[in-house]
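Some notes on the structure that comes next.
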Protein chains: 2
Amino acid sequence: MSVPQRKARPRRNNESNRREELLRVSAKLFREKGFDGTSIRDISAAAGMHSGSPFYHFKTKQDILVAVMEQGLAEGLRKTEEVMALSLPPEQKLTKLVRTQLGTILEEGNDFIPVLLYDWRSLTLANRRRIVAVKDRYDALWQCLIDDLQRAGHMPGDAQLVRLLILGAVNWAGTWYRLGGRLSLDKVAEDAARLFLQGKQ
Amino acid sequence: MSVPQRKARPRRNNESNRREELLRVSAKLFREKGFDGTSIRDISAAAGMHSGSPFYHFKTKQDILVAVMEQGLAEGLRKTEEVMALSLPPEQKLTKLVRTQLGTILEEGNDFIPVLLYDWRSLTLANRRRIVAVKDRYDALWQCLIDDLQRAGHMPGDAQLVRLLILGAVNWAGTWYRLGGRLSLDKVAEDAARLFLQGKQ
DNA sequence: CCTACCGATCGGTAGG
DNA sequence: CCTACCGATCGGTAGG
């Protein structure tokens with residue numbers, strides 16, 4: 001008379017697991033080779049599927065890109081909000097926020113935000129608008145901290161411009177930083193915060 | 001008995017013009033859509049040629065990418081050396097160098113260095129080695145200035161790391177800056193230098 | 001999620 | 001530099 005409930009649950013979980021696995025390998029491949037440099041067959045192979053199977057989970061390749069970026073933004077936003085909620089003087093909060101962002105783009109398996117940062121131009125215009133709405137909340141959190149720092153006299157210049165410059169310095173690290181090298185992420189965060197702050201020597 | 005010299009010269013010039021035109025439109029397209037997102041047919045059409053004709057000037061599509069990057073580096077290196085040769089205190093030289101780099105990546109038609117910056121992963125390993133050798137000279141010039149600034153006490157932190165952070169902030173501008181907007185390149189350069197320098201308020 | 005397949009487009013080439 | 005073309009690969013689909 002009806003489909004057994006016991007069976008429906010595990011299947012839903014498996015489907016969800018396969019979907020997550022697809023996003024994980026896609027993020028990694030997109031980061032390494034770019035969206036246009038990665039084929040559906042690359043993704044299928046990395047996920048242990050056959051070439052047509054990703055389309056059971058996503059309607060188009062572009063939809064995979066959007067899902068990767070949205071998942072990255074969701075996690076990045078959560079971590080950023082966590083730091084912003086701490087009761088700390090703004091100078092210390094800057095170091096922490098920079099460290100968090102470095103982790104978000106550089107730690108093992110964190111390929112989602114880098115895809116957003118480095119493959120933006122592969123988004124269709126409609127999807128760009130969709131993603132930018134969430135990205136704006138991300139930027140607004142950073143802007144709050146920078147406004148605080150400026151009020152405390154720790155940072156001269158146009159407020160928005162300063163945000164773009166600082167986030168640029170941090171996000172650019174994705175192009176040169178290698179895990180296990182001479183510099184720890186803590187060291188990078190400390191030196192970066194010190195470089196941006198005035199009157200802290 | 002022999003090919004007339006008068007005729008050989010103009011032909012060589014035309015060929016050279018077409019080659020330059022190919023590089024110009026390729027740089028623009030690569031910047032907008034990425035190397036993998038740009039087809040030989042896109043390039044041919046933009047240059048007013050038929051689809052097979054670029055291969056008369058370049059052996060492969062990858063060779064076009066390399067040529068774009070090398071031309072960008074040559075010009076960028078020349079402009080950077082010019083600024084470094086000026087007799088100025090290092091703080092003022094920083095503003096000038098930042099302004100020059102901003103022009104190199106943001107002014108009309110300057111698509112060559114952005115391709116180097118944003119399409120690095122599309123290079124084969126062999127070509128990466130080839131390009132990095134020239135890029136190292138570029139970085140070394142910046143490092144000289146930063147070492148000067150550190151000796152003068154204007155900039156704390158690990159010297160190489162500071163160079164990467166500053167160049168990151170500047171190069172990232174390619175992803176957000178729009179010509180004709182609220183901020184002039186001069187203003188961006190001034191605020192950037194002020195953000196990085198200590199004891200200059 | 002697999003099988004078998006499609007039409008479109010890709011980088012590149014031979015011959016002139 | 002054009003003409004005419006090639007084999008390979010692409011994103012995506014129908015049917016199960």
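Chain letters run A, B, ... following the sequence lines, proteins first, then strands; residues in each count from 1. Quick note: numbers below take in every heavy atom, side chains included, and nothing from hydrogens, waters or symmetry partners.
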Sugar-phosphate only, base, or nothing, as touched by B:Thr38 at under 4.0 Å among non-hydrogen atoms: sugar-phosphate

A:Met84 side chain near A:Glu81 side chain, heavy-atom distance below 4.5 Å: no

Distance in Å, B:Gln143 CD paired with B:Leu145 CG, rounded so as to fall on 0.5 Å steps: 9.5 Å

Closest approach of B:Arg41 to B:Ser51 (non-hydrogen atoms, all atoms of both residues): CG-CB, 3.7 Å

Nucleotide C:dG11, atom P - distance to CD of B:Gln62 in whole Å: 12 Å

Which nucleotide in D:dC2, D:dC10, C:dC10 has an atom nearest any side-chain atom of A:Ser39: D:dC10

B:Glu108 CD: over 12 foreign heavy atoms closer than 6.0 Å: no

Look for any protein N or O under 3.5 Å of an N or O in nucleotides 3-8 of chain C and output each such pair with its distance, or none.
{"from": "C:dT3", "atom 1": "OP2", "to": "A:His50", "atom 2": "ND1", "distance (Å)": "2.9"}

A:Phe112 side chain reached by A:Leu23 side chain, heavy atoms, under 4.5 Å: yes

Distance in angstrom units between B:Asp36 CG and D:dC10 P, rounded: 11 Å

NZ (B:Lys59) with more than 12 external heavy atoms under 6.0 Å: no

Secondary-structure stems, DNA chain C, at least 3 Watson-Crick or G-U base pairs under 3.5 Å: C:1-16 with D:1-16

Between C1' of D:dC10 and CD1 of A:Ile64, the distance in whole Å: 14 Å

Nucleotide of C:dC1, D:dC1, D:dG12 approaching B:Tyr56 most closely (side-chain heavy atoms): D:dC1

Worked verdict on A:Glu82 versus A:Arg78 for salt bridge (Lys or Arg N to Asp or Glu O under 4.0 Å): CA-CA 6 Å; A:Glu82 251 177 55; A:Arg78 190 183 51 70; 3.1 Å; yes

Sorted by number, the residues of residues 120-131 of chain A with heavy-atom contact under 4.0 Å to DNA chain C: none

Gap between atoms CG and P, on B:Asp42 and C:dC10 respectively (whole Å): 7 Å

Residues, nucleotides or ligands: over 12 heavy atoms within 6.0 Å of B:Arg128 CZ: yes

Nearest listed nucleotide, side chain of B:Arg18, among D:dG12, C:dG11, D:dC1: D:dC1

Separation of D:dG11 P from A:Ile40 CD1 (nearest whole Å): 6 Å

Carboxylate-amine/guanidinium proximity below 4.0 Å for B:Arg18 and B:Glu21: no

Crowding at NZ, A:Lys93 (>12 non-hydrogen neighbours, <6.0 Å): yes

B:Asp119 and A:Arg121 ion-paired at < 4.0 Å: yes

DNA chain C contacts among residues 19-34 of chain A, heavy-atom distance under 4.0 Å: none

Summary of ring-ring contact (aromatic ring centres under 6.0 Å, His included) pairs that have at least one residue in residues 81-104 of chain A, sequence neighbours excluded: none

Results of ring-ring contact (aromatic ring centres under 6.0 Å, His included) for B:Phe35 - residues two or more places apart only: B:Phe30

